[in-house]
Amino acid sequence: MSKYVIMMDVSGDIVDESIKKWDLKFIPMQYSLGEEMRTSTGPEDAAVLKAFYDGQRGGDLTKTSQITPFQYEEYFEPYLKEGFSILYLALSSGLSSTFSAACLASETLKEKYPELDVIPVDSKAATGGMGILIEQALKNREQGVSLEENAKALKAYVTKIKHWFLVQDLNYLKRGGRVSSTTAFVGSMLNIKPILKIDENGKLTTIAKKRGNKMAVQALFELFKEHYDEQITDTIYLCDADCKELSTLLAEELHKTFPNLEIKQTTLCPIIGAHTGPGMLAICHLGK
């Protein structure tokens, strides 16, 4: 069985313990912090994240840049030179062109390294959804699963990943072309909190509108309760854009009904936060 590394780009959120335990590799991405363009090479520290979301609240425009096929070649090739194949989990193709760029790089590199493989997998996910998927792949590798079988299993998990989230201001998603102006206008109404999901095609869909954060958090809880399947996993991710109080509120509600849940809480990475704004809260899990 060939040796291989497992990678995902930094649009995914994962707890530090999992990174250290399984030696996860990251594909860097760029984002703006005020006037500064920064390169994120992995989960950012708390001070950087606080400054990022405070900057948004103060009116900073935030943006990200796409990874080109050539950049992917540069990131992948050092591992290939060392004799490693690669399993790579990409941000949803419904949100970004990263997956298609990685596929082009894979085809180019196959000509230079025909005995090795670079297998990109479209996560149809983001943030903690990618964290859950990559943890499954890392566990599989630890148990001796081959690259090809692990990629196949990862693609099967993709069909079961669920994301439910609330945002405070849909204008961030509108600027990135991820929701329409009409949808953003509705979200700007007095104290209306849109509830969105990432659908089976990896695209954003608005599914409800709630008045106030308390009702919006309750809506996330109800969606989880309806779609959760404890036979798959008891691990879920709560990812917040500098609104830990909402994440804690949801975690407490979840533990009342599902006391055995393993809830992993993270702060939303800037790559996704640049397009959602501060105050976003997501619950990510494998489900029905």
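All residue numbers in this chain count up from 1 along the given sequence.
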Worksheet item: Just checking, is any N or O donor in the side chain of Ser96 or Gln66 under 3.5 Å from an acceptor N or O on the other one?
Response: yes
Item to complete: Evaluate whether atom NZ of Lys160 has more than 12 neighbouring non-hydrogen atoms of other residues, nucleotides or ligands under 6.0 angstrom away.
Response: no
Item to complete: Decide, yes or no, whether a salt bridge links Glu107 with Lys110 under the criterion of side-chain N to carboxylate O below 4.0 Å.
Response: no
Worksheet item: Are any of the side-chain heavy atoms of Ser65 and Met29 separated by less than 4.5 Å?
Response: no
Worksheet item: If you count the non-hydrogen atoms of other residues, nucleotides and ligands that lie under 6.0 Å from CD in Glu36, is the total more than 12?
Response: yes
Practice prompt. Find the distance between OG (Ser32) and NZ (Lys63) and round it off to the nearest 0.5 Å.
Written response: 6.0 Å
Practice prompt. Apply side chain to side chain contact (heavy atoms under 4.5 Å, CB included) to the pair Lys197 and Thr206, showing each step before the final yes or no.
Written response: CA-CA 7 Å; Lys197 70 173 183 177; Thr206 304; over 6 Å; no
Worksheet entry | Separation of Ile195 CD1 from Leu220 CG (nearest 0.5 Å) | 4.5 Å
Fill in: Spacing of Glu17 atom CD and Lys20 atom NZ [to the nearest 0.5 Å]
7.5 Å
Discussion item. Quick check on the hydrophobic clustering: are Phe224 and Met215 connected, directly or via other members, by side-chain heavy-atom contacts under 4.5 Å?
Written reply: no
Practice prompt. Identify the heavy atoms of Ala251 and Ile263 that sit nearest to each other, and give their distance.
Written response: O-CD1, 3.9 Å
Worksheet item: Shared ILVMFWY cluster between Leu223 and Met280, side chains joined below 4.5 angstrom?
Response: no
Practice prompt. Quick one: pull up CG in Leu147 and CD1 in Ile119 and give me the separation to the nearest 0.5 Å.
Written response: 4.0 Å
Discussion item. Can you tell me how the ring of Trp164 sits relative to the ring of His227, calling it parallel under 30°, perpendicular over 60° and tilted otherwise?
Written reply: tilted
Item to complete: Identify the two heavy atoms, one from Ala216 and one from Lys193, that lie closest to each other, and give their separation to 0.1 Å.
Response: CB-CB, 3.8 Å
Practice prompt. Taking all non-hydrogen atoms of both residues into account, name the closest pair between Met130 and Leu89 and its distance.
Written response: O-CD2, 3.6 Å
Response to the item:
Given the options Phe99, Tyr72, Tyr75, Tyr79, Tyr88 meets ring pair (Phe, Tyr, Trp, His ring centres under 6.0 Å) only with Tyr72
Discussion item. Quick check against the 3.5 Å criterion: does Thr248 have a side-chain atom that pairs as donor or acceptor with the backbone of Lys244?
Written reply: yes
Worksheet item: Is a side-chain donor or acceptor of Arg57 paired with a backbone partner of Phe52 at a separation under 3.5 angstrom?
Response: no
Worksheet item: Cut-off 3.5 Å, side chains only: do Tyr4 and Asp117 have a donor facing an acceptor?
Response: no
Discussion item. Is it the case that the side chain of Thr159 and the backbone of Ala156 share a donor-acceptor pair, with hydrogens and angles ignored and the cut-off at 3.5 Å?
Written reply: yes
Worksheet item: Considering only heavy atoms from C-beta outward, does the side chain of Leu87 approach that of Met7 to under 4.5 Å?
Response: no
Discussion item. Could you check whether Lys112 pairs with Glu73 (Lys NZ or Arg NE/NH1/NH2 to Asp/Glu carboxylate O, under 4.0 Å)?
Written reply: no
Practice prompt. Report yes if some heavy atom in the side chain of Leu95 is under 4.5 Å from a heavy atom in the side chain of Ile198; otherwise report no.
Written response: yes
Item to complete: Return yes if some donor-acceptor pair links the side-chain N/O of Thr108 with the main-chain N/O of Leu104 below 3.5 Å, else return no.
Response: yes
Worksheet entry | Close side-chain approach of Val48 and Arg38, heavy atoms under 4.5 Å | yes
Worksheet item: Looking only at heavy atoms, what is the nearest atom pair of Glu44 and Leu49, with distance?
Response: O-CD1, 3.6 Å
Worksheet item: Honestly curious: do Ile6 and Ile27 fall in one hydrophobic cluster under the side-chain, below-4.5 Å linking rule?
Response: yes
Discussion item. Nearest 0.5 Å, please: how far is OG1 in Thr267 from CG in Leu238?
Written reply: 11.5 Å
Worksheet item: Is a donor on one side and an acceptor on the other found under 3.5 Å between the side chain of Glu222 and the backbone of Ala219?
Response: no
Worksheet item: Does His163 reach the main-chain N or O of Ala126 with its side chain, forming a donor-acceptor pair under 3.5 Å?
Response: yes
Discussion item. Name the residue from Thr64, Val10, Leu33 that meets the side chain to side chain contact (heavy atoms under 4.5 Å, CB included) definition with Ser40.
Written reply: Val10
Worksheet item: Under a single-linkage definition using a 4.5 Å side-chain heavy-atom cutoff for Ile, Leu, Val, Met, Phe, Trp and Tyr, are Ile207 and Leu281 assigned to the same hydrophobic cluster?
Response: yes
Practice prompt. Evaluate the side chain to side chain donor-acceptor pair (under 3.5 Å) criterion for residues Asn140 and Glu149: first the C-alpha distance (whole Å), next the side-chain angles of each, then the deciding distance (0.1 Å), finally the verdict.
Written response: CA-CA 9 Å; Asn140 286 345; Glu149 287 301 311; over 6 Å; no
Practice prompt. Identify which one of Asp13, Thr266, Thr276 satisfies the side-chain hydrogen bond (donor to acceptor under 3.5 Å, both in side chains) criterion when paired with Thr127.
Written response: Asp13
Practice prompt. Could you tell me whether the side chain of Ser97 and the main chain of Ser100 form a donor-acceptor pair under 3.5 Å?
Written response: no
Fill in: Sole candidate of Gln265, Lys264, Glu135 that passes side-chain hydrogen bond (donor to acceptor under 3.5 Å, both in side chains) when paired with Tyr237
Glu135
Worksheet item: Under a 4.0 Å N-O cut-off, is there an ion pair linking Lys256 with Glu253?
Response: yes
Worksheet item: Counting distance only, does the side-chain N/O of Asp234 pair as donor-acceptor with the main-chain N or O of Leu261 below 3.5 Å?
Response: no
Worksheet item: Do Leu24 and Trp22 come close enough that some side-chain heavy atom pair is under 4.5 Å?
Response: no
Discussion item. Do Phe221 and Leu254 have side chains that approach each other closer than 4.5 Å (heavy atoms only, starting at C-beta)?
Written reply: yes
Item to complete: Check Asp60 against Gly34 and note the closest heavy-atom contact, atom names and distance.
Response: OD2-CA, 3.6 Å
Worksheet item: When you look at Leu204 and Phe165, which way does the side chain to side chain contact (heavy atoms under 4.5 Å, CB included) test go after all the steps?
Response: CA-CA 10 Å; Leu204 297 181; Phe165 64 101; 3.7 Å; yes
Worksheet item: Any idea which heavy atoms bring Lys81 and Tyr113 closest together, and the distance?
Response: CG-OH, 3.2 Å
Item to complete: Please check if the side chain of Ser123 supplies one atom and the backbone of Ala90 the other of a donor-acceptor pair under 3.5 Å.
Response: yes
Item to complete: Indicate if Ile236 and Leu286 have the same hydrophobic cluster label, given that clusters are the connected sets of ILVMFWY residues with side-chain heavy-atom separations under 4.5 angstrom.
Response: no
Practice prompt. Using atom types as modelled and distance alone, determine if a side-chain donor or acceptor of Tyr53 lies under 3.5 Å from a backbone N or O of Leu268.
Written response: yes
Fill in: Separation between CG of Asp240 and CD of Glu245, rounded to the nearest 0.5 Å
7.5 Å
Worksheet item: Any ion pair linking Asp199 and Lys203 (charged N to carboxylate O, less than 4.0 Å)?
Response: no
